[in-house]
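Reminder, nothing fancy here: chain letters follow the sequence lines and each chain counts from 1. Reckoned from all heavy atoms, side chains included, excluding hydrogens, waters and symmetry mates.
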Amino acid sequence: MPTIKLPDGKSLSFSRKITGFEIAKKISKSLSKQALIMSVDNQLKDLDHLIENDCSIKIFTSKDSEGLETIRHDTAHILAMAVQELFPGTQVTIGPVIENGFYYDFARKESFTQEDLNKIEIKMKEIVDRNEPTFKEVWKRNKAISHFKDKGEIYKAKIIEDIPESEDVSIYFHGKWNDLCRGPHLSSTGKIGKYFKLTKVSGAYWRGDSNNEMLQRIYGTSWSNQKDLDDYLKRIEEAEKRDHRKLGKEMDLFHFREDSPGSVFWHEKGWNLFQKLINYMRAKQKRAGYKEINTPEILDKSLWEKSGHWEKFGEHMYTSTTPDEKVFAIKPMNCPGCVQVFNQGLKSYRDLPLRMSEFGKVHRYEPSGSLHGLLRVRAFTQDDAHIFCTEDQITNECLSITNLILEIYKDLGFTNVLLQFSDRPKKRVGDDKIWDRAESALLKAIKQSKLKYEINKGEGAFYGPKIDFVLRDSIERDWQCGTLQVDLNLPGRLGASFVDKDGSKKIPVMLHRALFGSLERFIGILIEHYSGKLPFWINPLQAMVIPVSDEFDSYAKQVNEKVKNVGINCEVDLKNHNLNYKIREHSLSKIPLLLICGKKEVDSNTVTIRRLDSNKQENMELKIFLKKFAALNKAPLN
RNA sequence: GCCCCUAUAGUUAAAUGGCAUAACACAUCCAUGGUAAGGAUGAGUUUCAAGUUCGAUUCUUGAUGGGGGCACCA
């Protein structure tokens with residue numbers, strides 16, 4: 001005689017055991033049609049799960065994330081089903097739901113081709129049409145193991161072997177096909193709908209371990225209706241359109257080439273953007289009390305041994321051997337060099353906190369498969385700084401670093417920032433008491449900043465806890481950029497010290513911090529965030545003067561000179577093309593201002609402005625234009 | 001590093017076991033124009049190495065780069 005509590009507070013009583021279906025039907029006809037799964041006392045269950053006792057239940061449809069996830073999970077199952085129907089002998093492994101879709105990993109000798117994907121998709125739709133009933137059976141663990149072994153499903157058997165011996169396992173059937181699965185699932189394959197698409201096939205290591213063999217992973221996306229599927233595919237397309245590698249080429253900012261994979265060849269415009277960002281940060285840092293230094297790119301191997309880098313990161317370091325057989329390493333980080341600058345001369349507690357910044361170019365031998373445009377390179381410029389301070393100063397310093405980082409992100413158009421706090425990892429150096437103090441100082445700073453944060457347990461660096469700054473771009477993607485790390489290790493290793501009030505020598509705490517992280521990477525993010533339409537003040541080519549015909553070339557040249565003289569990057573287009581052509585060309589290359597000069601402008605000493613993404617014309621006296629835009633060209637230093 | 005895909009002109013693409021195409025960009029000329037492509041002409045190309053072949057840009061193998069993932073991201 002179960003009494004069922006519903007989310008709206010009402011209860012229903014039944015005189016016998018009852019399934020979710022029946023409850024849904026009782027509530028309303030439309031709900032019973034839309035119902036996909038349910039939760040019983042907050043545990044997700046199949047709709048045909050038999051309820052015997054009093055409980056509270058909630059029924060989910062495709063509008064709930066639980067419902068949509070189940071659709072995706074079911075789609076992954078019918079993917080596996082379709083693959084095994086089409087390619088007998090293929091072994092199944094795991095097939096979880098991921099953001100926007102799902103994947104399934106298969107073990108098969110031959111590789112899946114794009115045509116195979118199309119065939120599989122057709123077969124999946126067939127399975128939906130067959131509307132095979134889905135049901136669950138609970139088996140003894142050992143029965144399941146021998147069942148899958150008999151079928152030749154070695155991977156599945158291994159997965160079950162990892163389940164504790166005392167536990168039973170649930171096996172889901174879609175018609176005859178079955179798979180080990182926790183569930184829940186929809187009541188039949190027809191419920192899935194056909195709003196899915198297989199997107200790509202790739203390799204993936206068994207159990208995510210690169211020591212294991214490689215499986216084949218098929219990715220797909222799945223939705224509850226055609227519109228959501230179309231919207232998703234459109235979003236992917238949109239992201240491709242703003243790919244910084246494509247835009248960088250089109251905008252003539254940089255290129256890559258075989259001679260130096262993972263290193264950027266910056267063109268004039270790209271380098272201009274780069275310098276503008278650096279100059280802006282210089283000004284911000286000067287106000288925040290930083291002193292800028294610069295240290296060598298190449299340092300003797302022995303320093304890297306002393307710092308611990310050689311042992312820990314040696315495989316990612318480039319080295320250089322001189323003709324007389326000395327081994328130098330090209331710096332993968334700036335910190336050891338910076339500590340050497342600190343070590344010059346005696347430091348007093350009065351010098352602390354000492355904030356030293358460095359735009360240091362570092363080289364790291366990244367695995368070839370990880371390289372990706374500007375976002376993952378082998379040579380990059382860090383907007384680095386190291387702050388030497390006492391333990392008492394950690395909280396305040398962290399707070400001002402956090403503020404600096406957020407100001408800079410805001411100026412560049414990023415307001416949605418998430419902090420991630422990482423505490424002590426298993427492999428670490430230093431006393432636990434020191435870790436306690438460092439973690440609490442850092443956490444205190446986060447709490448005082450009142451920003452949203454999450455905790456990544458055990459993800460800290462081996463030398464200290466850290467905060468990472470993750471920013472969200474205009475199409476809702478997250479990028480980890482800034483970082484702030486407390487270092488309890490390096491200053492001691494490299495012999496840094498200061499003279500304290502009582503005259504004794506003490507080891508300072510060192511904070512590592514980067515604002516963007518890597519200038520290269522950040523520029524890649526900026527390009528994608530703005531779809532190439534960079535804000536005026538950092539835009540490398542801000543204006544193009546276009547004469548209406550060559551009769552007005554000399555006026556156009558004069559305008560160009562005057563605009564350049566107020567510090568705006570400007571060019572004049574004297575090419576043999578008509579006005580329409582030039583407007584199209586320069587609009588496509590995303591120049592923010594087009595300055596049109598014809599008879600009207602010459603006569604009145606004006607320019608006509610056409611802004612990017614607007615077909616309005618704005619006539620303005622040249623003098624006023626220069627004043628107005630010179631002001632807009634200033635970096636936003638508050 | 002691993003799996004799959006891929007490499008043609010400055011760019012984007014097409015084609016072929018036997019003279020390699022187109023569009024855009026570029027150059028020259030004509031046109032002198034008022035807010036997203038005016039016209040004509042011209043120059044320019046098969047990533048590298050080995051193999052099969054009378055002959056390879058095309059087929060095979062390898063290298064290198066690029067792309068999508070996996071792993072890595074100190």
Check RNA chain B against residues 594-602 of chain A and give the residues with a non-hydrogen atom under 4.0 Å, in numerical order.
A:I596, A:G598, A:K599, A:K600, A:E601

What residues 297-308 of chain A contributes to the RNA chain B interface at heavy-atom separation below 4.0 Å is none

By side chain to side chain donor-acceptor pair (under 3.5 Å) - contacts of [X] (at least two apart):
X	answer
A:E297	none
A:R207	A:D162
A:E85	A:R130
A:Y232	none

Under 3.5 Å for both pairing distances: what stems, at least three Watson-Crick or G-U pairs long, include RNA chain B?
B:1-7 with B:64-70, B:10-13 with B:21-24, B:26-30 with B:38-42, B:47-51 with B:59-63

Let me have a per-nucleotide readout for nucleotides 67-74 of chain B, 5' to 3', with B, S or -, counting only protein heavy atoms under 4.0 Å.
SBBBBBBB

Distance-only check: which donor-acceptor pairs under 3.5 Å involve side-chain atoms of residues 261-274 of chain A, not counting sequence neighbours?
residue : atom : partner : partner atom : Å
A:S263  : OG   : A:S260  : OG           : 3.1
A:H267  : ND1  : A:D252  : OD1          : 2.7
A:H267  : NE2  : A:H255  : ND1          : 2.7
A:K269  : NZ   : A:M251  : O            : 3.0
A:N272  : OD1  : A:N569  : ND2          : 3.3

Quick test: give all pairs of protein nitrogen or oxygen and nucleotides 24-27 of chain B nitrogen or oxygen below 3.5 Å, distance rounded to 0.1 Å.
residue : atom : partner : partner atom : Å
B:A25   : OP1  : A:Y581  : OH           : 2.2
B:C26   : OP1  : A:K575  : NZ           : 3.3

side-chain hydrogen bond (donor to acceptor under 3.5 Å, both in side chains) contacts in which one or both residues fall within residues 610-624 of chain A, not counting sequence neighbours
A:K533-A:D613, A:T606-A:N619, A:T608-A:N619, A:R611-A:E618

Close N or O pairs between protein and nucleotides 45-48 of chain B (under 3.5 Å):
none

